Amino acid sequence: MVAAASAVALLAGGAVAVGGTALAGDDTGQAAQEAPGTAAAAPAASPLAQHGALEVCGIRLCGEDGQEVQLRGMSSHGTQWFEHCLTDGSLDALAHDWGADVLRVSTYVQEGGYETDPQRFTDLASRVIDQATARGMYVVVDWHQLSPGDPNANTERAKKFFTDITDRHGDQDNILYEIANEPNGVSWSSIKSYAEEVIPVVRAGDPDAVVLVGTRAWSSFGLSEGANEQEIVNNPVDADNIMYVFHFYAASHGDFYLDALDRASDRLPVFVTEFGTQDYAGEGANDFTMSQRYLDLMAEKNISWINWNFSDDWRSGAVFNVGVCAAGGRGRRRRARRVPASARGWGARSATCGSPS
């Protein structure tokens with residue numbers, strides 16, 4: 001399991017290790033070709049081997065032994081844009097050098113994503129699931145609806161997607177399902193209704209998996225639209241083994257949001273499936289001080305988190321510089337954008353935020 005290091009130290013191990021041909025882009029289908037949709041044994045000493053099948057125990061995430069687990073890892077960017085960043089080389093670095101527990105595979109619904117070619121994007125998600133599984137990582141299958149903000153606009157597509165994914169991967173112990181990325185402009189009651197329609201579809205193919213439910217106002221517990229977590233406490237989703245999603249971007253979301261996460265995590269099972277050290281658009285300067293406060297809180301409460309994003313997008317939220325993925329990492333040594341030279345991976349709980357190198 002990776003440690004609750006700083007947002008700056010988040011990718012430190014890989015920053016040193018990813019170089020030469022480590023990101024080579026010609027191996028994207030290798031793992032899927034070797035063992036498509038199979039439930040192979042987890043590699044020894046991997047997160048999956050250590051914790052096994054996960055479940056929600058009270059308001060926390062637990063492993064097979066009933067002990068609390070804090071997963072920490074990375075989210076892909078939209079696979080319609082950055083498939084080429086998800087190679088065997090880059091995922092080796094993520095799993096083995098950086099020590100990530102979990103990869104979030106973000107399948108955008110619109111914006112040139114799933115709706116344009118459902119078969120292609122299902123196959124693509126499945127391929128990356130196989131690659132992460134081969135490395136003993138957990139996978140969050142992210143149904144990345146964003147605009148329109150009402151998840152009910154894509155209910156039938158969601159049902160088809162999760163049916164197809166669970167048909168292939170429902171026998172695996174390492175899959176979690178995020179059924180609505182960032183609902184916005186829609187009431188909690190409508191989100192709840194959507195969840196109670198889609199969760200049974202997931203359960204039909206994967207009865208025991210943890211399901212992650214996006215919350216109102218871009219998964220802010222409603223804060224960004226004038227509400228708060230109390231509406232969820234008062235009217236929870238009628239399903240077991242679920243967690244509620246919270247997203248934050250440290251340069252935009254200060255004490256008001258941090259306090260809400262603190263409160264909500266005392267009453268609800270919470271998973272932070274996306275966060276950044278920048279502003280809410282994943283751009284601009286890093287706020288390492290606020291990021292560290294979030295990371296300290298999540299470490300204290302064993303709240304799992306996933307950082308945005310594992311790509312070479314031009315925005316500051318991407319971990320690689322522009323062009324690295326397309327170039328296969330060749331020709332120059334790579335260092336992640338938000339990593340201090342002194343940091344060495346997620347393994348040291350004492351790591352703290354610092355200046356980017």
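Bear in mind that the values here come from a model prediction, so they are computed numbers and not experimental data.
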Problem set entry | Modelled atom types, side-chain donor and acceptor of Asn154 and Gln110, under 3.5 Å | yes

Exercise. Quick one: do Lys301 and Asp262 make a salt bridge, cutoff under 4.0 Å?
Worked result: yes

Problem set entry | Any donor-acceptor N/O pair, Gln145 side chain to Glu182 backbone, under 3.5 Å | yes

Problem set entry | Min side-chain heavy-atom separation Val69-Gln50 under 4.5 Å | no

Exercise. Does Thr289 offer a backbone N or O that forms a donor-acceptor pair with the side chain of Arg293 under 3.5 Å?
Worked result: no

Exercise. Would you say the side-chain atoms of Gln80 pair up with the backbone N or O of Glu111, donor to acceptor, closer than 3.5 Å?
Worked result: yes

Exercise. With a cut-off of 6.0 Å (strictly less than), are more than 12 heavy atoms of other residues, nucleotides or ligands near CG of Asp238?
Worked result: no

Problem set entry | Donor-acceptor pair between Tyr108 and Glu115 side chains, under 3.5 angstrom | no

Exercise. Looking just at side-chain N and O atoms, do Arg135 and Gln131 make a donor-acceptor pair shorter than 3.5 Å?
Worked result: no

Exercise. Tyr114 vs Phe161 aromatic rings, parallel, tilted or perpendicular, using cut-offs 30° and 60°?
Worked result: perpendicular

Exercise. Between the side chain of Ser46 and the main-chain N/O of Pro43, is any donor-acceptor distance below 3.5 Å?
Worked result: yes

Problem set entry | Short side-chain to backbone donor-acceptor contact, Ser219 and Gly214, under 3.5 Å | no

Exercise. Are Asn228 and Phe221 close enough, and set up right, to give a side chain to side chain contact (heavy atoms under 4.5 Å, CB included), and what steps lead you there?
Worked result: CA-CA 5 Å; Asn228 59 42; Phe221 298 141; 5.9 Å; no

Exercise. So which pairs with a foot in residues 214-224 pass salt bridge (Lys or Arg N to Asp or Glu O under 4.0 Å), sequence neighbours left out?
Worked result: Arg216-Glu225, Arg216-Glu231

For this session: For Glu197, enumerate each residue passing the salt bridge (Lys or Arg N to Asp or Glu O under 4.0 Å) test, keeping only those at least two apart in sequence or located in another chain.
Result: Lys159

Seminar exercise, completed: Rounding to 0.5 Å, atoms CZ (Phe271) and CE (Met298) come to a distance of 10.5 Å

Exercise. Does the Asp312 side chain pair with the main chain of Cys325, one donor and one acceptor, at a distance under 3.5 Å?
Worked result: yes

Exercise. Is it true that the side chains of Thr273 and Glu178 contain a donor and an acceptor less than 3.5 Å apart?
Worked result: yes

Exercise. Looking only at atom types and distance, does a side-chain atom of Asn286 sit under 3.5 Å from a main-chain N or O of Phe288, one as donor and one as acceptor?
Worked result: no

Exercise. Under 6.0 Å between the ring centres of Trp308 and His144?
Worked result: yes

Problem set entry | Donor-acceptor contact present, side-chain Asn307 to main-chain Met74, <3.5 Å | no

Problem set entry | For Tyr294, ring-ring contact (aromatic ring centres under 6.0 Å, His included) partners two or more places apart | Phe248

Problem set entry | Polar side chain donor-acceptor pair, Asp313 to Ser311, under 3.5 angstrom | no

For this session: Taking only Lys NZ, Arg NE, NH1 and NH2, and the carboxylate oxygens of Asp or Glu, determine whether Arg168 and Asp123 approach each other closer than 4.0 Å.
Result: yes

For this session: Hey, could you give me the OH/OG1 distance between Tyr244 and Thr215, rounded to the nearest 0.5 Å?
Result: 10.0 Å

Exercise. Are side-chain N/O atoms of Ser106 and His77 paired as donor and acceptor at under 3.5 Å?
Worked result: no

Exercise. How are the rings of His84 and Phe82 set relative to one another: parallel (under 30°), tilted (30 to 60°) or perpendicular (over 60°)?
Worked result: parallel

For this session: Would you check if there is a donor-acceptor pair between the side chains of Asn174 and Thr133 at a distance under 3.5 Å?
Result: yes

Exercise. Do the charged groups of Glu156 and Lys160 touch, with an N to O distance under 4.0 Å?
Worked result: no

Exercise. In terms of heavy-atom contacts, does CG of Asp255 have more than 12 from other residues, nucleotides or ligands at under 6.0 Å?
Worked result: yes

For this session: Indicate whether any N or O donor in one side chain lies under 3.5 Å from an N or O acceptor in the other, for Gln230 and Arg267.
Result: yes

Exercise. Have Asn302 and Glu68 got a donor and an acceptor in their side chains that come within less than 3.5 Å?
Worked result: yes

